[in-house]
Amino acid sequence: TEHTLSIIKPDATKRNLTGKINAKFEDAGLRIVAQKRIQLTKAQAGEFYKVHAERPFYDELCEFMASGPVVVQVLEGDGAIAKNREVMGATNPADADAGTIRAEFSESVGENSVHGSDAPETAREEIAYFFSGLEIV
Ligand code: ATP
Ligand code: MG
């Protein structure tokens, strides 16, 4: 089994979609083994997304991630990292397959409702950024 870090982004929490998004994860066989709703500062969002620091959308991305509450969560399952990214759909909702979270709920490439870790090493780092081992049950 594998763990991945998921974030339900502010565009989705503002539209009250947390439950509908969690249902997509659970229907795909992913188990929510840690979860909390928090408000990030812009600095915390910037630290989390620092790999994108040189990208032209970095400042906009950090502003957005600090613009309202997020739900951070650890998802568990066989191949959880890849499975979660499948359920999320493509980064740009216009390219996302039907039935994916981004196809159903997201309004733009910037405000695309969910984040998911992209590899085992980043999953470990991202989980540790938000959770202690004792919080993952
Ligand atoms: P995430 O890392 O959030 O799971 P991703 O792995 O699908 O998404 P990345 O390439 O890692 O996509 O980009 C990180 C985030 O930056 C995207 O989810 C999106 O919110 C934002 N982003 C990516 N490309 C653009 C863009 N062209 N314009 C605005 N924002 C963008
Ligand atoms: Mg990414």
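Start at 1 and go down the list; that is how both ligands and their atoms are numbered. Computed from a predicted model, the values in this text were never measured in an experiment.
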Looking at V114, D11, T91, V51, the heavy atom closest to atom 7 (O) of ligand 1 belongs to T91

Restricting to heavy atoms, the pick from M88, E111, R102 nearest atom 8 (O) of ligand 1 would be R102

With heavy atoms and a 4.0 Å threshold, my read on which part of V109 contacts ligand 1 is both

Would you mind running through ligand 1 and noting each atom that sits below 4.0 Å from a heavy atom of [X]?
X	answer
K9	3 (O), 17 (C), 18 (O), 20 (O)
N112	17 (C), 18 (O), 19 (C), 20 (O)
L61	16 (O), 20 (O), 21 (C)
G116	4 (O)

Legend entry - Sub-4.0 Å heavy-atom approach of F64 to ligand 1: no

Residue-ligand contact D118/ligand 1, heavy atom below 4.0 Å:
no

Between [X] (side chain only) and [Y] (backbone N and O only), is there a donor and an acceptor less than 3.5 Å apart?
X	Y	result
R15	F105	yes
R85	G116	yes
E2	A80	yes

For atom 6 (O) of ligand 1, the closest protein heavy atom turns out to be R85 NH2, 3.2 Å

The closest protein heavy-atom partner of atom 13 (O) of ligand 1 is H52 NE2, 3.7 Å

Which heavy atom in [X] sits nearest to a heavy atom in [Y], and how many Å separate them?
X	Y	value
L75	L30	CD1-CD1, 4.1 Å
T1	D78	CA-OD1, 3.7 Å
A123	S117	CA-OG, 3.4 Å

For H115, the ring pair (Phe, Tyr, Trp, His ring centres under 6.0 Å) test, sequence neighbours excluded, returns F48, Y49

Taken in chain and number order and not counting sequence neighbours, the residues that satisfy side-chain hydrogen bond (donor to acceptor under 3.5 Å, both in side chains) with R55 are H52

